[in-house]
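Input: a single structure, listed below in structure tokens.
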There are 4 protein chains.
Amino acid sequence: MPKVLVTGFEPFDGEAVNPAFEAMQALNGKTIKGYEVIGKGLPVVFGESRELLKKWLDEVEPDIVISVGLAGGRYAISVERVAINIDDARIPDNKGRQPVDEVINPSGPAAYWSKLPIKAIVKEIREAGIPAEVSQTAGTYVCNHIFYGLMDYLAQKPGVRGGFIHIPFIPAQVADKLQQPSLHLDDIIRGLEIAIAATITYEKDIVEAGGTVS
Amino acid sequence: MPKVLVTGFEPFDGEAVNPAFEAMQALNGKTIKGYEVIGKGLPVVFGESRELLKKWLDEVEPDIVISVGLAGGRYAISVERVAINIDDARIPDNKGRQPVDEVINPSGPAAYWSKLPIKAIVKEIREAGIPAEVSQTAGTYVCNHIFYGLMDYLAQKPGVRGGFIHIPFIPAQVADKLQQPSLHLDDIIRGLEIAIAATITYEKDIVEAGGTVS
Amino acid sequence: MPKVLVTGFEPFDGEAVNPAFEAMQALNGKTIKGYEVIGKGLPVVFGESRELLKKWLDEVEPDIVISVGLAGGRYAISVERVAINIDDARIPDNKGRQPVDEVINPSGPAAYWSKLPIKAIVKEIREAGIPAEVSQTAGTYVCNHIFYGLMDYLAQKPGVRGGFIHIPFIPAQVADKLQQPSLHLDDIIRGLEIAIAATITYEKDIVEAGGTVS
Amino acid sequence: MPKVLVTGFEPFDGEAVNPAFEAMQALNGKTIKGYEVIGKGLPVVFGESRELLKKWLDEVEPDIVISVGLAGGRYAISVERVAINIDDARIPDNKGRQPVDEVINPSGPAAYWSKLPIKAIVKEIREAGIPAEVSQTAGTYVCNHIFYGLMDYLAQKPGVRGGFIHIPFIPAQVADKLQQPSLHLDDIIRGLEIAIAATITYEKDIVEAGGTVS
């Protein structure tokens, strides 16, 4: 059976849970459109996360890879368009590392495009009544780090498609914060299922405006 | 059996659904802590909504009343503290009426306090992992209109407690909007159940800061 | 010469400056439409601020009073519509007092309306190219405390008009904060001058929608 | 005398003015640290703007180039880190063109880094009391288009440094909009002067965290 690898980060920045990890666990073992979903965790640590990702990729040999990370403060499921070759951490990672303006791969390009059908994914998640958007930046923290690392790896595997999706806080994480958006874990899981299904369906992305004005 | 009247507004401003109405319907018929919940709809129309509310109040003879309305753009279930004696509509209501700076009740006070235990409600909803806050303004549209109308009525009924709760958009309403917060309907319904239970439990509100800095 | 009393609060919440105080000082001594502007400072302290305000009112015997306070996080000059009879402090004041749900004046009404021509003020400030809005809540901290105290005093002085205006941060206060709106001090001062002039011009407010949808 | 070319876009999206254009005009003719500033306008049109930019570059032969564009909705002067090789327009440009997911330069890399000392610029603008930030995305509209086009050109001119800076709305543009941040034109102009001076001073950028958490 063809395989989808979904990775989810462990909690960080003092949070007790990471919905990316919860969603990954919920998806692990499912079958979507004839593809087996295999979920794996990743630490919020520069370097180590990337090494572990490579281990999972070699072990699982997936046909599709979707890495999932939390972007607290976002309103919608954010399908990332581009990974950039830089680490610039505003806070230390889970092992205390805080790289500033360091290149991820000195011999890699400045950026990689996602190989997911990002417009099709956004369209189908929205049609299911769940907020979604194309995002033009995955940041410069461990999420972008793993996204770049993934695309670096996939650059050597032309048959494998993959990319990165950011998700909002879940309600429990913002229950006593003011003015912070959140999304129910069920909607996040359903959104990711739709993303997987859309990736299987659309070998080529649809043409639909998803950009910005500025 | 003692009774809780929950009112929910019909859709307005071009929206296909109103989660306040959906939540009201979901709560209708439930029994919470020995109280029967009776749900009734209200039109988003100045004047008529208030008359219909009075009809429901006379008919149902509730012990507790919670009116629920949509406040698109809010992040949390907002338990309103105060109703003010003014209509000032930024857009026309569902019958095309747009009062500007008109007094609701010429012989009424400038404002009424909610008779709900607003701090206890916020605390208990948050403890259930759902975002909640005390709100210092219910606006100046039909929501505040009905809130003021309710408190005007309850001023004559010392034994009956009541107030107003604003809820955010649900995800389907913001699926293709950018930067708009939402809350899952299940969380809204659960939050309102907790609000009803807390109102039954706390005849007197708890003392807990819920104000602002400014 | 008729007189306008402008009050401005001292810095609080760890900020080095308070633009309300700076603006008050800049306006002090000006003549606007034949009115002399007299500026006075107020401490961010529950109770004491109100006593000092009464002292200034008795001393100055103004025809118009505009109290000005900082509302960090707001985008526009906010002309407040209503003062409510409650103190509910989320953080302690400059003397460590943190009243929670305490009535300001046990024998006063739940709320007072501003006696400023709030719609005319907003319209004229906007026409000068400066962002302005009617606000339905002055919060529950020392700003609302002084607003309520002022209106309580003016309830005994039918000939004197007054109210409260909230202003945003100035740029220097948000220079290294992320996602915080600000307004240049010159625009704040000019906006307040326009507010004073409009109050002199419009004994009666104009009818113009300035409310909310919710 | 060495030269700094500053470009500013013309108005678009129905706005009467573009503060980027106003700021460019204000800077035109100034001398900063021994450099002459030459300001030039650019149309908000895909393709044409890039051709005109090349014309200005060939004509002026600048040592430093800073392109400036409006990003309505942003809170701070945003020094862009990276230009990406894609046009994806949410609205048509001033000539009705709306490219969706089209590559800017088919033979160019996925992305170019800014050649400005972005961290030094942000640090110095903040120290002057003006809000500034590093931005990880210049969007996918004409601003990113010109930024990419500029860096494409500068890739052939190793001695010339340049990049892109986004600026917020000015107050007059948001005077009657709700909840929209703005920055005074004087602060924008001063911020850009500081950016020019910092670019002259810092041939190499400083190391200072300016990234994200996500």
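Lettering follows sequence order; numbering is per chain, from 1. Predicted, not measured: the structure shown is a model, and the values here were computed from it.
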| Value rounded to 0.5 Å, distance of CG in D176(A) from NZ in K123(B) | 11.5 Å
| Within 6.0 Å of NZ in K95(B), more than 12 heavy atoms from elsewhere | no
| Region of Q180(A) that comes under 4.5 Å of a non-hydrogen atom in chain B | backbone
| Region of L178(B) that comes under 4.5 Å of a non-hydrogen atom in chain A | side chain
| query | Rounded to the nearest 0.5 Å, how far does OH of Y75(B) lie from OH of Y75(A)? | reply | 2.5 Å
| request: Just give me the residue among E133(A), R74(A), Q179(A) that pairs up with chain B most often, heavy atom to heavy atom, under 4.5 Å. | output: Q179(A)
| said: I need the residue from A128(A), A132(A), A76(A), S182(A) with the largest number of non-hydrogen atom pairs under 4.5 Å to chain B. | reply: S182(A)
| query | Considering the options I170(A), D187(A), L183(A), which one meets the side-chain contact (heavy atoms from CB on, under 4.5 Å) requirement together with H184(B)? | reply | D187(A)
